[in-house]
Amino acid sequence: MNTLLLFYPAMLVPIAVAFTVGLLGYAYQALKPPPPKICGSPGGPPLTSPRVKLSDGRHLAYRETGVSKEVAKHKIIIIHGFDSSKDLQLPISQELIEEFKIYLLFFDRPGYGESDPDPSRSVKSEVYDVQELADKLQIGPKFYVIGISMGAYLVYGCLKYLPDRLSGAALVVPFVHYWWPCLPANLSTEALKRLPLQDQMTFSVAHYTPWLFYWWMTQKWFPTLSIMSGNMAVFCPQDMEILAKLSESPSDGQESKSQQQGVYESLHRDIMTGYAKWEFDPMDLSNPFPDNEGSVHIWQGGEDRIIPSQLNRYISEKLPWVKYHEVSDAGHLLFFESKHWETILRALLHR
């Protein structure tokens, strides 16, 4: 018996080592996202859209519509939101396009659709993607930018890094960062607490521990982002009506392309980029149009449950050159209604 007892410590050491190695191996696999399925690569999705090659070797896919850029008086780059792509169909009337001679340029942000992922993606890097895209397509020295929902963080970036290239800008139901230093702590905390608890936790993980984000979004113990987990409570009645109408429309299958290179490179990295620590604060921005040669607008749904109106209202109050418009009877999906685009574009282009 005593001889057996002497062997127990020696037996426990390899068992402990094996357990530790196994635990580390599990943690490594749980934290490491899968490699992206690059469009055009063996086994990856096919290439079906025109693309430009950027200076770092990546490609951006794009879509042009409206009048030709040769005859256009107004050239607008549309920046899609979360879980969307360049194939987003906006109800902008042909009459309005012809009246103002509008050229529209849509593109897939990195990792979405057919644009290559960017492992170093940041607000600043995406801004220079926009600049390169505009230059490669030769749309001219000046253009408008319109960012929708999550895509609006890129408009803030353009206002910071590319103000001289802008003719005007609009942020439609725009993203807000709950950890921007410019926001009073009580205001941002109150706004964050209005979101479902699962969204509060998801955005907090993205901001404080982004290296855990893939694990958080794939674990099964706690619910993650409301929109991705099917929690429809984040949509107001007006949004639900729009969703019902959209579901009745024939689908061309484009919506499934947004995540085709992998959910991590598209959706996960989008959230991590938006809620990372930025190099600037909205209050650092200067008016890019001191002589009123252009304008900047925020469009907010009064019934929006996804983007808290009090934060966008506060930003516009502190930046008086930003024109704030609150559509009292609209929710987050107001950009799917043609009447709102009529108002948005007339305000932006008329200045």
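FYI, the numbering just counts along the sequence from 1. Everything quoted here is computed from the prediction, not taken from an experiment.
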Do the side chains of Ile307 and Ile227 join up, straight or via other hydrophobic residues, at under 4.5 Å, putting them in one cluster?
yes
hydrophobic_cluster_shared for Leu285 and Tyr144, side chain cutoff 4.5 Å:
yes
List for me each residue that meets side chain to side chain donor-acceptor pair (under 3.5 Å) alongside [X], sequence neighbours excluded, and say none if there are none.
X      : result
Trp216 : Thr202
His80  : none
Glu99  : Arg346
Glu326 : Arg313, Tyr324

side-chain hydrogen bond (donor to acceptor under 3.5 Å, both in side chains) pairs touching residues 173-190, sequence neighbours excluded, are Trp179-Tyr208, Glu190-Arg194
Just checking, is any N or O donor in the side chain of [X] or [Y] under 3.5 Å from an acceptor N or O on the other one?
X      : Y      : result
Ser266 : Gln261 : no
Ser167 : His74  : no
Tyr112 : Asp83  : no
Ser316 : Lys323 : no

What do the steps show when you test Leu311 against Leu187 for side-chain contact (heavy atoms from CB on, under 4.5 Å), and what is the final call?
CA-CA 7 Å; Leu311 297 187; Leu187 186 65; 3.6 Å; yes
Output yes when [X] and [Y] qualify as a salt bridge under the 4.0 Å nitrogen-oxygen rule, no when they do not.
X      : Y      : result
Asp164 : Lys142 : no
Glu114 : Arg51  : no
Asp284 : Lys160 : no
Asp129 : Lys124 : no

So ring-ring contact (aromatic ring centres under 6.0 Å, His included) across residues 37-71, not counting sequence neighbours, yields none
Which pair of heavy atoms, one from Pro117 and one from Ile38, lies closest together, and at what distance?
CD-CD1, 3.4 Å
For residues Pro45 and Gln260, report the shortest heavy-atom separation together with the two atoms involved.
CB-OE1, 3.4 Å
Would a distance-only check, ignoring hydrogens and angles, find a side-chain to backbone donor-acceptor pair under 3.5 Å from [X] to [Y]?
X      : Y      : answer
Lys75  : Ile139 : yes
Gln200 : Leu195 : yes
Gln198 : Thr224 : yes
Arg58  : Ser115 : no

For [X], what residues pass the ring pair (Phe, Tyr, Trp, His ring centres under 6.0 Å) criterion, not counting sequence neighbours?
X      : answer
Phe107 : none
Tyr314 : none
Phe213 : His268

Taking atom CD as the centre, does Glu317 end up with more than 12 heavy-atom neighbours from other residues, nucleotides or ligands that are less than 6.0 angstrom away?
yes
Not counting sequence neighbours, which residues clear side chain to side chain contact (heavy atoms under 4.5 Å, CB included) with [X]? List them please.
X      : result
Met283 : Cys182, Asp281, Ile315, Lys318, Leu319
Ser338 : Pro91
Glu132 : Leu54, Ser55, Lys136

Could you go through Glu64 and Lys69, starting from their C-alpha distance and side-chain angles, then the distance that decides it, and tell me whether this counts as salt bridge (Lys or Arg N to Asp or Glu O under 4.0 Å)?
CA-CA 9 Å; Glu64 299 170 290; Lys69 56 193 171 190; 3.6 Å; yes
Intermediate values then yes/no, salt bridge (Lys or Arg N to Asp or Glu O under 4.0 Å), Arg121 and Asp270
CA-CA 9 Å; Arg121 184 174 166 189; Asp270 205 5; 2.9 Å; yes
Parallel, tilted or perpendicular: which describes the rings of Phe175 and Tyr153, with under 30° parallel and over 60° perpendicular?
perpendicular
side-chain contact (heavy atoms from CB on, under 4.5 Å) between Val176 and Asn312, worked out:
CA-CA 7 Å; Val176 292; Asn312 281 321; 3.4 Å; yes
Compute the centroid of each ring, for Tyr161 and then for Phe280, and state whether the two points are separated by less than 6.0 Å.
yes
